[in-house]
Amino acid sequence: MKYDEIIIGGGLSGLLCAISLAENGRQCLIVSQGQSTLNFSSGALEFIRTKEGETYEQAIAALPSDHPYQVIGSSELPRLREEAAGLLRRAGITTFCENGRNHWRITPLGALKQAWLSLGEMTHFQKEDLPRRVLVVDIKGYLDFNAAFIASSLGEMGIQAGICELSVSETEKLRENASEFRSANIARVLDGYAIDRLAEAINEKAADADWVLLPAVFGLEKEEPACRILRKIDKAASLIPTMAPSVPGIRLQRMLKQRFLSLGGIFVGADSVCGGDIAGDRLQSVRTVNHPDIRFEADHFVFACGSFFSKGLMATQDKVYEPILGLDVRYEGSHGDWFNPDVYADQPYMSFGVRTDRTLRVSREGKTLENAYAVGQMLSGASPIKSGCTGGVSALSAVRAAELILNQ
Ligand SMILES: Cc1cc2nc3c(=O)[nH]c(=O)nc-3n(C[C@H](O)[C@H](O)[C@H](O)COP(=O)(O)OP(=O)(O)OC[C@H]3O[C@@H](n4cnc5c(N)ncnc54)[C@H](O)[C@@H]3O)c2cc1C
């Protein structure tokens, strides 16, 4: 079986890379073994954390030279950000981002965090624009959203934040089985009529509020339920991510996959690439666990397998390795040096990953594979928690790899 490109991993980076290639008429195959980290994400992508008054360019200049943004080249990044946002738009995904600066969002535990690009229905604001009176709405009995933390965090910023717990018959029915009362299941029962009744109940409570905040439990497959609740609430309203699973993240994954399929792409899920055949400086084909006898051939291959969380990288007591081909990986020291006992400190292991050259091409035993690229969280050099560059590295490296392939 021969394709133009085979992408290994169907998370944010694999999908964006594949969509970008497919939009340009390439025949692509994605093989993906499991859930991607989008299913746990906030519905907002981080590009880089900036200090007060600092520009993106200044923050990027302070990154180490092996950070993926430096490898790609800082002058390329504004264009790649635009292109990544365009890919999401063309997939029908409504987003919010400001030209060249971060906005703020609220986490499930009420902390404020910077973001580059947020799904349209999620909270996004500049601190000086925050309203004075907020109502935080919780769904009665739902444990993966902490309205009290959120209200207290807003209170610390001088915002008057009240809380109310509401339910509709659909959520009460679901609540009969406590273990089923999770975000994705709530989103399944909150359809048009239930949403209208919930909005009515909110409107009764929100007379004094300037802004209504709700858990993001609307719209697993499409945006409409999320848009509907915000439209039906009389006041300004936004959604806050819940603890995992993330409804906006699941929807983002599904809408990107749908866009890829609509462009003629082939997505093989629940299968895992487990090896490949290299001839000279080229990867010829890969094999999967479910189809060990088939050689999946392509002109180019993109490794988009994520980091340790997604098994794109693996570790034993004495080494860190890439499990499919044994690609060259950057890690330092021995096991004891990989972790900082202070869990809040920067963790060295987070910047471990697959080495690439400036064109994102991978190597094995020091020899570059001319037609194989790595993108996303499996790249070395980024310390995502420290730099706040998680989704940005995935999205921009994916778009860059597609561009490099198309320009050959
Ligand atoms: C819990 C959690 C929450 C996060 N929240 C946010 C957030 O709110 N905002 C943000 O910007 N970033 C967030 N991130 C960071 C997130 O990792 C990136 O934003 C981005 O989604 C990562 O995309 P990726 O494609 O690089 O990797 P992944 O999402 O890890 O996707 C890799 C995919 O490759 C598959 N795969 C691995 N090995 C193989 C194989 N051998 N064969 C086939 N498939 C394979 C995996 O199953 C997975 O589906 C979060 C990360 C985690 C872990």
Side-chain angles (χ1 to χ4, degrees), residues 6-19 29-49 68 84 88 95 97 102 105-109 111 113-119 122-123 216 240-250 252-253 256-257 267-276 286-291 296 301-314 321-327 350 353-354 360 373-380 382-385 387-399 401:
I6 293 178
I7 290 93
I8 309 166
L12 179 68
S13 63
L15 280 162
L16 285 180
C17 185
I19 292 170
L29 168 72
I30 295 180
V31 183
S32 196
Q33 73 184 4
Q35 284 195 332
S36 82
T37 56
L38 278 180
N39 295 273
F40 308 90
S41 74
S42 62
L45 301 180
E46 298 163 353
F47 173 63
I48 191 164
R49 190 174 306 120
L88 295 170
T95 59
C97 60
N102 285 328
R105 67 177 181 90
I106 303 176
T107 73
L109 294 179
K113 229 175 161 186
Q114 294 179 5
W116 151 55
L117 180 146
S118 291
L119 296 189
M122 308 303 288
T123 51
I240 295 184
T242 66
M243 304 300 277
S246 159
V247 170
I250 294 171
L252 183 53
Q253 169 90 36
L256 287 175
K257 181 177 168 189
F267 191 105
V268 175
D271 198 359
S272 177
V273 172
C274 56
V286 290
R287 297 183 292 283
T288 74
V289 169
N290 292 349
H291 301 285
F296 293 93
F301 296 82
V302 181
F303 288 79
C305 309
S307 185
F308 297 102
F309 191 86
S310 294
K311 299 200 171 76
L313 297 174
M314 307 278 268
Y321 64 100
E322 183 286 309
I324 300 175
L325 288 182
L327 298 173
M350 286 196 175
V354 168
L360 298 176
Y373 300 75
V375 297
Q377 295 303 301
M378 72 184 311
L379 292 170
S380 66
S383 194
I385 304 292
S387 311
C389 61
T390 45
V393 164
S394 289
L396 273 56
S397 60
V399 175

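We count ligands from 1, going down the list as the structure has it; atoms in each ligand are counted the same way.
- For a threshold of 3.5 Å applied to N or O pairs, the pair formed by Ile324 and ligand 1 contains no separation below that value.
- Contacts between Val375 and ligand 1 below 4.0 angstrom, taking non-hydrogen atoms only, are absent altogether.
- Here the heavy atom of the protein found nearest to atom 12 (N) of ligand 1 is Thr390 OG1, 3.0 Å.
- For CE of Met350, the number of neighbouring non-hydrogen atoms (other residues, nucleotides, ligands) closer than 6.0 Å is greater than 12.
- Using a 4.0 Å cutoff on heavy atoms, Met378 does not count as a contact of ligand 1.
- Nearest protein neighbour of atom 27 (O) of ligand 1, counting heavy atoms only, is Gly306 CA, 3.5 Å.
- For the pair Leu252 and Leu119, the minimum side-chain heavy-atom distance is below 4.5 Å.
- In this structure, the separation between CZ on Phe47 and CG on Asn102 is 8.5 Å, given to the nearest 0.5 Å.
- Considering only non-hydrogen atoms, atom 49 (O) of ligand 1 lies nearest to Gly34 out of Gly34, Gly10, Gly11.
- Contacts of Cys305 with ligand 1, taken as heavy-atom pairs under 4.0 Å, involve both backbone and side chain.
- At a heavy-atom cutoff of 4.0 Å, ligand 1 is contacted by the backbone of Ala304 but not by its side chain.
- The shortest N/O to N/O separation between Ser41 and ligand 1 does not fall below 3.5 Å.
- At a heavy-atom distance under 4.0 Å, only side-chain atoms of Phe309, from C-beta outward, approach ligand 1.
- Among all protein heavy atoms, the one lying closest to atom 20 (C) of ligand 1 is Ser394 OG, 3.5 Å.
- Short contacts between ligand 1 and Gly9, defined as distances under 4.0 Å to a heavy atom of the residue, involve ligand atoms 33 (C), 34 (O), 35 (C), 44 (N).
- Ser310 contributes no side-chain N or O that, together with a main-chain N or O of Gly312, makes up a donor-acceptor pair within less than 3.5 Å.
- Taking atom 50 (C) of ligand 1 as the reference point, the nearest protein heavy-atom neighbour is Thr37 CB, 4.5 Å.
- Side-chain contact check for Met378 versus Glu322: some heavy-atom pair is nearer than 4.5 Å.
- In terms of protein heavy atoms, atom 25 (O) of ligand 1 is closest to Ser13 OG, 2.7 Å.
- You'll find the side chain of Leu313 reaches within 4.5 Å of the side chain of Val354, heavy atoms only.
- Closest protein heavy atom to atom 1 (C) of ligand 1: Phe40 CB, 3.6 Å.
- Listed for the Ser118 side chain is no donor-acceptor partner under 3.5 Å among the backbone atoms of Met122.
- Rounding to the nearest 0.5 angstrom, the gap separating the OG atom in Ser42 from the NZ atom in Lys113 is 7.0 Å.
- Between the Ser41 side chain and the Leu38 main chain, a donor and an acceptor come within less than 3.5 Å of each other.
- Proximity of Ile6 to Val273: side-chain heavy atoms (C-beta onward) are nowhere separated by under 4.5 Å.
- Looking at atom 8 (O) of ligand 1, its nearest protein heavy atom turns out to be Ser42 OG, 2.6 Å.
- Between the choices Gly391, Ala44, Ser32, Gly392, the shortest heavy-atom distance to atom 9 (N) of ligand 1 belongs to Ala44.
- The N/O atoms of Asp271, backbone and side chain alike, include none that comes under 3.5 Å of an N/O atom in ligand 1.
- Within the 4.5 Å cutoff, side-chain heavy atoms of Leu396 are placed close to those of Trp116.
- Without hydrogens or angle criteria, Gln377 side chain to Thr390 main chain gives a donor-acceptor distance under 3.5 Å.
- Of all the listed residues (Gln377, Gln33, Gln253, Glu322), Gln33 holds the heavy atom that lies closest to atom 39 (C) of ligand 1.
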